[in-house]
**Student:** 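Provided herewith is a single structure, encoded as structure tokens, for subsequent inquiry.
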Amino acid sequence: MKPFGVIDEEPQKPIEGIEKGVQIVEDPKLTNGTGGKQFEKEKSFEELVSTDGHKDEKHNEQASRPTIYISRDLSGRTLKIPALPREKFHIEFLENDIFVQFDAKSLKQLPSAAGPLVNLPVNKARMLTTFDADKIAIEVTLDKNGNDLPCEPGDSIGIVCPNDPSEVAHILRRLEVENVSNKILQICGEARDIPSHFPERASLTSLLSYHCDIRSSPKKALLRIMAEYAQNEDEKRRLLELSSVEGAVEYTKLIKEANISLLDILETFKSSLPPIEKVLQQLPKMLPRAYSIVTSKLKDPDHLAFVFKIVEFPATDGRTRERKGVATGWISQLTSPLWKRASVEEQLGNLNLESIQLPIYQRTSTAFRLPQQLDTPIIMVGPGSGVAPFLGFLHQREELIKANPSQIVGASWLFFGCRHENKDYLYRSELERLHGSGILTRFYQAFSKEPSTGPRYVQDILRLYKRPLVTLLLDRGAVFYVCGDAKGMAKDVFETLADVIAEVKGLDMQDARATIAKLQLEKRYLQDVWS
């Protein structure tokens, strides 16, 4: 019997007699010529629905449409499936050597890093929305603690965050390696085959906690591996369907777009027990999360602040359990004693401010900054938490004006939107103060869920003030900024701006889009967006 963690030289062969009526044919055209298989299934859809593994009424109710469990469209079809991925490395555990503590500073290759990773203490955290808002927004302020972090408004920081410990524990338990999860391991294989982000000293727990992304949708290669180790015939078939050429549409819809994670797949297809090495080989690198800073160093040189909304995923669409976003869930839990309702005694009794630290680094600066000339007009579009960097812009301008009141200052317009005026109107009092003082020249708001006849989205306001907007942008040289959601809002703002430029300037849409493209080249149409 081989010691745990050492893989047989030959990969485990498929279970013989997978199903009655199944034909497996070699297909060398798949996986870049490395070989593949065609998998033909003759069992009917009705037989699939009635198998022991899927008798749940919920699954039967959904049988008319494809789900992560079953598909009418692919049942009975011949499948082109990729060959099994090549085994790149195996794991050996060092005897009686326990991994004690992870140091975030040991992480390699921090993306877009403009400086070292530092641990900054949390100075304060406050909730910017009401508790009953659709998404709770939290502002966290960090003490620079003497570190040289020359962040300008518009810059961003990277935050190194761990995966949810309960998810990591469930994965280790599901893969039956929890008994060795804290032992120091050695990854054996050719240097070119070992992931560059794997540290020299690690344990399975630390790898899954800090180095591997366990939340991203599993690759088709991992589904193919799980099919190879599935003991249940119907689970094997479904995994092969999702990893096949024919299953590409369902894979995109049911796995990627549904935000299915590694744990979801392991809990759905319980008869499959792949070796931990094969799972690790298919997991992408865990990446830090980027957040735009809210603060201006001219106004507050000793602190950095950022805003996030707590992202929540319900247990639907194939997700086996409720969960929060990796970073937002971790930071909100860490700082909750500061922003949740609690008595002074509770806060003092349960909280040691100096013990709450976040590992952060300054990211490389982009063009998303204020114009060098103070007399250049700025147009800012920032619904929701997208307003955060613009608060830094306005505070920076405010301090520059204080330092030299005789300077000529360009106009500053802000288009802000949220769902409910009394629930998630971020920084309302501060923005109204800046507008009242003249730092913010024009301030427009839209509320998408309010029963009013006013504008519902920032795009609506752009249309409402299209003529002065286009004049300020094209005739007076303003810089146009967009911050927020990339998939919906940013695309809609681009198209809306093109539409109003076409209308005001008498252009067709192609020429209007070309006008914005020219602005982008001139660094006068700038975006800080995320998906």
Side-chain angles (χ1 to χ4, degrees), residues 1-8 12 85 87-104 106-107 160-189 194-195 197-219 221-223 225-231 235 239 259-287 313 315 319-327 329-330 333:
M1 182 175 179
K2 295 184 187 297
F4 181 85
V6 178
I7 301 296
D8 291 335
Q12 178 178 328
E87 182 182 302
K88 295 182 178 180
F89 58 81
H90 69 271
I91 288 175
E92 294 179 359
F93 293 95
L94 304 183
E95 289 295 327
N96 301 319
D97 209 347
I98 302 299
F99 188 83
V100 179
Q101 187 175 5
F102 167 78
D103 182 4
S106 67
L107 291 173
V160 173
C161 54
N163 285 307
D164 186 325
S166 66
E167 288 183 46
V168 172
H170 274 94
I171 291 171
L172 293 169
R173 191 176 307 117
R174 170 66 178 78
L175 294 174
E176 299 183 1
V177 290
E178 71 271 30
N179 60 322
V180 291
S181 60
N182 290 318
K183 291 183 66 100
I184 293 180
L185 56 84
Q186 182 176 355
I187 299 175
C188 304
I194 298 175
H197 57 278
F198 280 16
E200 295 179 4
R201 186 179 179 85
S203 65
L204 289 178
T205 298
S206 68
L207 281 177
L208 292 181
S209 296
Y210 295 95
H211 303 280
C212 296
D213 185 350
I214 63 175
R215 280 286 188 86
S216 62
S217 298
K219 301 175 183 176
L222 181 54
L223 302 183
I225 289 169
M226 288 191 61
E228 198 73 4
Y229 289 89
Q231 303 294 315
E235 290 185 2
L239 287 163
N259 294 309
I260 297 301
S261 70
L262 170 63
L263 184 56
D264 294 327
I265 290 293
L266 290 172
E267 291 188 333
T268 298
F269 300 98
K270 295 184 178 180
S271 77
S272 179
L273 184 60
I276 185 67
E277 290 90 341
K278 291 183 180 289
V279 174
L280 288 174
Q281 183 177 311
Q282 300 302 324
L283 297 181
K285 178 182 177 180
M286 179 74 162
L287 296 175
F313 301 92
R319 294 187 293 272
T320 56
R321 59 184 65 215
E322 293 181 359
R323 55 178 178 257
K324 291 182 172 66
V326 174
W330 177 62
Q333 182 180 28

**Student:** If I compare all heavy atoms of Leu239 with all of Leu223, which pair ends up nearest, and what's the gap?
**Tutor:** CB-O, 3.8 Å

**Student:** With side chains defined as the heavy atoms from C-beta onward, is the minimum distance between Pro195 and Lys285 less than 4.5 Å?
**Tutor:** no

**Student:** Quick one: does Met226's side chain get under 4.5 Å of Leu266's, heavy atoms only?
**Tutor:** yes

**Student:** Apply side chain to side chain contact (heavy atoms under 4.5 Å, CB included) to residues Leu280 and Ile91 and explain how you reach the verdict.
**Tutor:** CA-CA 10 Å; Leu280 288 174; Ile91 288 175; 3.5 Å; yes

**Student:** With a 4.0 Å cut-off on N to O distance, would you call Arg323 and Asp264 a salt bridge?
**Tutor:** yes

**Student:** Is Glu228 paired with Lys278 through a side-chain N to carboxylate O contact shorter than 4.0 Å?
**Tutor:** no

**Student:** Using every non-hydrogen atom in the two residues, find where Ile214 and Ser261 come nearest and quote the distance to one decimal.
**Tutor:** O-CB, 3.6 Å

**Student:** Contact between Leu207 and Leu185 at the side-chain level, heavy atoms closer than 4.5 Å - yes or no?
**Tutor:** yes

**Student:** May I have the step-by-step check of side chain to side chain contact (heavy atoms under 4.5 Å, CB included) for Leu262 and Leu222, ending in yes or no?
**Tutor:** CA-CA 9 Å; Leu262 170 63; Leu222 181 54; 3.7 Å; yes

**Student:** For the backbone of Ala230 and the side chain of Glu235, can you confirm whether one donor and one acceptor N or O come within less than 3.5 Å of each other?
**Tutor:** no

**Student:** List the steps and the verdict of side chain to side chain contact (heavy atoms under 4.5 Å, CB included) for Ile260 and Ile265.
**Tutor:** CA-CA 7 Å; Ile260 297 301; Ile265 290 293; 3.8 Å; yes

**Student:** Quick one: do Glu167 and Arg321 make a salt bridge, cutoff under 4.0 Å?
**Tutor:** no

**Student:** Take Asn163 and Leu208 through the side chain to side chain contact (heavy atoms under 4.5 Å, CB included) test and state the conclusion after the steps.
**Tutor:** CA-CA 7 Å; Asn163 285 307; Leu208 292 181; 5.7 Å; no

**Student:** Looking only at heavy atoms, what is the nearest atom pair of Gln281 and Lys88, with distance?
**Tutor:** OE1-N, 3.0 Å

**Student:** Ignoring hydrogens, what is the shortest heavy-atom contact between Pro275 and Tyr229? Give both atom names and the distance.
**Tutor:** CD-CZ, 3.6 Å

**Student:** Testing the 3.5 Å rule here: is there a donor-acceptor pair between the side chains of Asn182 and Thr205?
**Tutor:** yes

